[in-house]
There are 2 protein chains.
Amino acid sequence: MAILATAERLLEDRTLSEISIDDLARGAGISRPTFYFYFASKDAVLLALLDRVVEQGQTAAGDVLDHLAGDPRARWREAISAFYEAFRSHRAVTLACAQVRATNAEVRQLWATVMERWVQRTATAIEAERERGAAPLGLPARDLAVALNSMNERVLYATFADEGPAVAESTVVDVLLDIWLSSIYQTTAP
Amino acid sequence: MAILATAERLLEDRTLSEISIDDLARGAGISRPTFYFYFASKDAVLLALLDRVVEQGQTAAGDVLDHLAGDPRARWREAISAFYEAFRSHRAVTLACAQVRATNAEVRQLWATVMERWVQRTATAIEAERERGAAPLGLPARDLAVALNSMNERVLYATFADEGPAVAESTVVDVLLDIWLSSIYQTTAP
DNA sequence: TGAGAGTATCGACACCACGTCGAAGATGCC
DNA sequence: GGCATCTTCGACGTGGTGTCGATACTCTCA
């Protein structure tokens, strides 16, 4: 769909609020009313874009967290890296979503669903590690999972948007990993 | 100033983009052109509001982190609580800022400055704890400080906005505290 | 005391983006 | 060739924004 392609292209160097529906329409070679034949609003376009990214990221992540026993550090690192790559490979779209999420309920909802999935996987993995005696008891696994995933989201956003205090792109995964390991295992070398 | 009061009041139950300049003007008992006599835009109003909150929060925080030695856990908890209270006592304003930050460079700038101050205090405190042998070496103190403060920001936002996966308001401070202690001291009981 | 320099206010205008409606080309199927 | 459905757009009304010029309201100082 030409509209989606146009949107993703324009988002590379403008923010969504700086893009008019007319820009999207003209970019796709159609008139403004015709735009409405395909999408109800600008936000709906972003939603569709996000849908695709999510779809794609979903499979990429896989089930790394189901095989922690062998080398926990390496597995957790893969999981965080997957998160990192998902963000990174569609930087423009995810940055735009973070913006629109504040205003648009549907985007917020979709994003929340995605986060929830990550949180649940994380919580399950933490509980499994405690079960097999690799990790000590501590915070409720879900609370810990929510906080850690929120941290990743915010830190990666700052890194990619290069906004305010941020961690360098080259070290950000390892910084996050250390905090995950510390708070789950009380050591960085489980 | 009546405009500021009106803005803070309206933000209690509407988002900033749902508030027109006319709403602010009428709420303050003036006409729309007169509004422009005082502020250049809606965003400028929010900026002024944020300024006040920051001013106020700045003093409230104080220098807790300069006296960690006695009871580190208690001191760190106070620091996180200060952050929590700053957010909480002006919930509407901070939520609005998080939204506008995405679009408005000035708000983004001011927010970044505030965060930077917190980050620096945190980093300094971590280094001091390592110096006196209370905390082990590990990540660069600044990277750790950035990540932990980002986590707080995002987690508290989710809690107050009641958006997506969040931690309960009653336990959020302790959840954050545990992660801070784990990643700084490699134990939750330093 | 009244002329002039600020301060504060608004009516009226032009502008721009949005969303809708109704009419009119394509396209395909019977 | 006729009919239904998909696709397109010109033209319109609406609502929020920002500006301009005119008018009032206050001081102050000669």
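Values below: every heavy atom of this structure, side chains too, minus hydrogens, waters and symmetry copies. By convention in this document, chain letters (A, B, ...) are assigned in the order of the sequence lines, proteins followed by strands, and residues within each chain are numbered from 1.
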d([atom1], [X]; [atom2], [N]) in whole Å:
| X | N | atom1 | atom2 | result |
| --- | --- | --- | --- | --- |
| B:Arg26 | D:dG16 | CZ | C1' | 13 Å |
| B:Ile19 | D:dT17 | CD1 | P | 11 Å |
| A:Asp22 | D:dG10 | CG | C1' | 13 Å |
| B:Glu18 | D:dG16 | CD | P | 12 Å |
| B:Asp43 | D:dT17 | CG | P | 11 Å |
| A:Leu16 | C:dA17 | CG | C1' | 14 Å |
| A:Phe37 | C:dG22 | CZ | P | 17 Å |
| B:Met1 | C:dA8 | CE | C1' | 11 Å |

**Request:** Any pair with a residue in residues 118-141 of chain B that passes ring pair (Phe, Tyr, Trp, His ring centres under 6.0 Å), sequence neighbours left out, goes on the list, sorted by first then second residue, please.
**Result:**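 Of all non-adjacent pairs touching residues 118-141 of chain B, those that pass ring pair (Phe, Tyr, Trp, His ring centres under 6.0 Å) are B:Phe83-B:Trp118.
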**Prompt:** Looking only at side chains, do B:Glu153 and B:Trp111 share a donor and an acceptor under 3.5 Å apart?
**Reply:**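 Checked: B:Glu153/B:Trp111 side chains pair up, N/O donor to acceptor below 3.5 Å.
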**Message:** Testing the 3.5 Å rule here: is there a donor-acceptor pair between the side chains of A:Ser182 and B:Gln186?
**Reply:**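 A donor-acceptor contact under 3.5 Å links the two side chains.
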**Item:** Full working for salt bridge (Lys or Arg N to Asp or Glu O under 4.0 Å) between A:Arg75 and A:Glu129
**Value:** CA-CA 12 Å; A:Arg75 292 296 89 71; A:Glu129 288 297 86; over 6 Å; no
**Residues from residues 27-35 of chain B lying under 4.0 Å of DNA chain D - heavy atoms** =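 Contacts with DNA chain D under 4.0 Å: B:Arg32, B:Pro33.
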**Among B:Asp71, B:Asp178, B:Asp174, salt bridge (Lys or Arg N to Asp or Glu O under 4.0 Å) partner for B:Arg77** =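 By the salt bridge (Lys or Arg N to Asp or Glu O under 4.0 Å) criterion, B:Arg77 pairs with just one of B:Asp71, B:Asp178, B:Asp174: B:Asp174.
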**Any B:Tyr38 side-chain nitrogen or oxygen under 4.0 Å from OP1 or OP2 of C:dT9** =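 Answer is yes, contact under 4.0 Å.
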**Request:** Name the closest nucleotide to the B:Lys42 side chain, picking from D:dC6, D:dT17, C:dT7.
**Result:**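 When the side chain of B:Lys42 is considered, D:dT17 is the closest of D:dC6, D:dT17, C:dT7.
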**Prompt:** Can any side-chain N or O of B:Asp63 pair as donor or acceptor with the backbone N or O of B:Asp66 at less than 3.5 Å?
**Reply:**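 Not a single qualifying donor-acceptor pair exists.
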